[in-house]
Amino acid sequence: MTTRQQVALLRVLAFYLTALVLLLVAGSALQYTLGLAGVVVSQLLIFVALPLVFTLAVEKRPVRPFLRLRMLSLRGVGRAVVLGLIGWLAAQLMGAVLVLLVQQMGGQMVQTYQILLDAGSTLALLVGALVPAFCEELSFRGYVLGALRPLGPGAAVVLTGLLFGALHLSLVRLIPLTLLGMLWALAVQRSGSILPGMIMHLINNGTALLLTFFVQDRATPAELQGLEMLPDTAVWGSMMMLTLAAAGLSALAYSLAAGFSPRHLARPVEAEVEWDWQAEGRTEPVPAPEALAAADGDVEMQRLAAELAVLRRRRRRMLSAASLLTGGLTLSIYLWAVLQELATVFG
């Protein structure tokens, strides 16, 4: 890993740890005191203000191109809507497999967004679907995906998805959320616009909330209990079929996401200002120690080359240590949350 890649990774980990701590401390306090209004305030504070600060103060980049704030054409919007529905269905099938698996292991899933369900459908859609679709996408498919450009397009997509999935502090939901995060990141990266991620995020959350309200209003407790009393052979067979269906839909979704391109932008000429992840951040070339040392008979140049090599090694070690510390703190918080979840599910 190059020094520039280490710097990019450290910046993203610092951003992620800051957002995670704010979410657990300030977000929980605001939600407790203000209810749904606190959820909105915390989303704006953490997932809008924070990426803007990091983009301007840390990355020192203009906001619009760095966060890919570009409009889509109607064809691009339609593709995002179709992809959002396919991605949502695939995630729901994976989620159903995980719920059945937890039940087979003696656990019981709990409702995660009860505060939204108690608020009514209209307000829940606003707070649980529209607000996260804008705010969280600005952070993850905006800042995180942009800041990880030096690592390469593939690594940026995978890490963005993994960090997004882990932010929800759930082991049970980690796989579907990570795959969704990677799908949205791929569409954003290929199109050059953050809007596909926002549209798909809105469809995913909105559809899930609408169906949850529908099931609550139409299904009786006896019917729901009957679904949980299937024979073991039927449960394992259902899990296998659901897994195959989810895998097929996921492959289709990733194929459609990879089909995005700057042609789906409302103004394709804007693709010309898209940051080149290989060239971005280059400054004036610094002479390599080997080049300095090649100066025949120049003792002073050889001494400078040795000193420069030592300084570079120290910097890389410091960056590695800082990344390990930041990543370790983040992982500790995640594992603590996972233990709390497992105690609730299997308690």
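Any value given below was found using the heavy atoms of this structure, including those in side chains, with hydrogens, waters and symmetry copies removed. Counting from 1, the numbers follow the sequence of the chain as shown.
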Should the pair Phe15 and Tyr143 be assigned to parallel (<30°), tilted (30 to 60°) or perpendicular (>60°) ring geometry? tilted
Which atom names give the shortest non-hydrogen contact between Ala208 and Gln92, and what distance separates them? CB-NE2, 4.4 Å
Would Arg75 and Arg263 count as a side chain to side chain contact (heavy atoms under 4.5 Å, CB included) here? Give the steps. CA-CA 9 Å; Arg75 186 177 63 160; Arg263 297 192 308 273; 3.7 Å; yes
Are side-chain heavy atoms of Gln189 and Leu145 found at a separation under 4.5 Å? yes
Of all heavy-atom pairs between Ala129 and Leu209, which one has the smallest distance, and what is that distance? N-CD1, 4.3 Å
Kindly confirm or rule out a cation-pi arrangement of Arg11 over Tyr16, judged by NZ or CZ under 6.0 Å from the six-membered ring centre and within 45° of its axis? no
Would you say Thr55 and Leu67 make side-chain contact, with heavy atoms under 4.5 Å? yes
Work out which heavy atom in Glu137 is nearest to a heavy atom in Ile194; give both atom names and the distance. O-CD1, 3.3 Å
Group every Ile, Leu, Val, Met, Phe, Trp and Tyr by side-chain heavy-atom contacts under 4.5 Å, then state whether Ile333 and Leu331 land in the same group. yes
Is the closest side-chain heavy-atom distance between Met182 and Thr160 below 4.5 Å? no
Would you confirm whether Arg68, through its side chain, and Gly142, through its main-chain N or O, come within 3.5 Å as a donor-acceptor pair? no
What distance do Thr178 atom OG1 and Met94 atom CE have between them, rounded to the nearest 0.5 Å? 10.0 Å
Between Arg70 and Pro262 (side chain of the first, backbone of the second, donor and acceptor by atom type, cut-off under 3.5 Å), is there such a pair? no
Roughly how far apart are Arg267 CZ and Ser193 OG, rounded to 0.5 Å? 13.0 Å
If you compare all heavy atoms of Ala14 against all heavy atoms of Thr18, which two are closest, and at what distance to 0.1 Å? O-OG1, 2.7 Å
Hey, quick one: are Leu44 and Val39 part of the same hydrophobic cluster, counting side-chain heavy atoms closer than 4.5 Å, chains of contacts allowed? yes
Nearest-0.5 Å distance that lies between atom CG in Leu159 and atom CG in Leu13: 8.5 Å
Atom pair CE (Met318) and CZ (Arg314), whose distance is rounded to the nearest 0.5 Å: 10.0 Å
The test is side chain to side chain contact (heavy atoms under 4.5 Å, CB included); show your working for Val58 and Val53 and say whether it passes. CA-CA 7 Å; Val58 178; Val53 169; 6.0 Å; no
Would you call Leu50 and Leu45 a side-chain contact if the rule is heavy atoms closer than 4.5 Å? no
Under the 3.5 angstrom rule, does the side chain of Gln5 hit a backbone N or O of Pro150 as a donor-acceptor pair? yes
Are more than 12 heavy atoms, taken from residues, nucleotides or ligands other than Ile175, located less than 6.0 Å from that residue's CD1 atom? no
Of the non-hydrogen atoms in Gly87 and Leu180, which two are nearest, and what is the gap between them? O-CD2, 3.6 Å
Stepwise side chain to side chain contact (heavy atoms under 4.5 Å, CB included) test for Gln43 and Val48: CA-CA 7 Å; Gln43 285 273 324; Val48 176; over 6 Å; no
Can you see which heavy atom on Ala133 is nearest to which on Leu202, and at what distance? CB-N, 3.6 Å
Gln6 side chain to Ser320 side chain, donor-acceptor N/O pair below 3.5 angstrom: yes
To the nearest 0.5 angstrom, please state how far the CG atom of Leu329 sits from the CG atom of Leu17. 6.0 Å
Check the orientation of Phe164 and Phe140. Use parallel for under 30°, tilted for 30 to 60°, and perpendicular for over 60°. perpendicular
Tracing side-chain links under 4.5 Å among I, L, V, M, F, W and Y, which residues wind up in one group with Val41? Leu30, Leu34
Please check if the side chain of Ser73 supplies one atom and the backbone of His264 the other of a donor-acceptor pair under 3.5 Å. yes
Does the side chain of Glu59 come within less than 4.5 Å of Phe54's, by heavy atoms? no
Under a 3.5 Å distance rule, please check whether Ser28 uses its side chain to pair with a backbone N or O of Val25 as donor and acceptor. no
Answer yes or no: is there a donor N or O on one side and an acceptor on the other, between the side chain of Thr344 and the main chain of Gln340, under 3.5 Å? yes
Are Leu100 and Leu244 in one and the same hydrophobic cluster, where Ile, Leu, Val, Met, Phe, Trp and Tyr link if side-chain heavy atoms are under 4.5 Å apart? no
Decide yes or no for Gln108 and Val345: does some side-chain heavy atom of the first lie under 4.5 Å from some side-chain heavy atom of the second? no
Residues Leu138, Leu69; criterion side chain to side chain contact (heavy atoms under 4.5 Å, CB included); working and verdict: CA-CA 9 Å; Leu138 204 62; Leu69 303 181; 3.9 Å; yes
Out of curiosity, Leu85 CG to Thr207 OG1, how far, rounded to the nearest 0.5 Å? 6.0 Å
Quick one, Pro132 and Asn205 - any side-chain contact, counting heavy atoms below 4.5 Å? yes
According to a 4.5 Å side-chain heavy-atom criterion applied to Ile, Leu, Val, Met, Phe, Trp and Tyr, with indirect links allowed, do Leu98 and Phe346 form part of one hydrophobic cluster? yes
Looking at side-chain heavy atoms only, is the closest gap between Leu169 and Tyr334 below 4.5 Å? yes
Linked hydrophobic residues, Met241 as query - side chain contacts closer than 4.5 Å: none
With a 4.5 Å cut-off on side-chain heavy-atom distances among I, L, V, M, F, W and Y, is there a chain of contacts connecting Leu23 to Leu171? yes
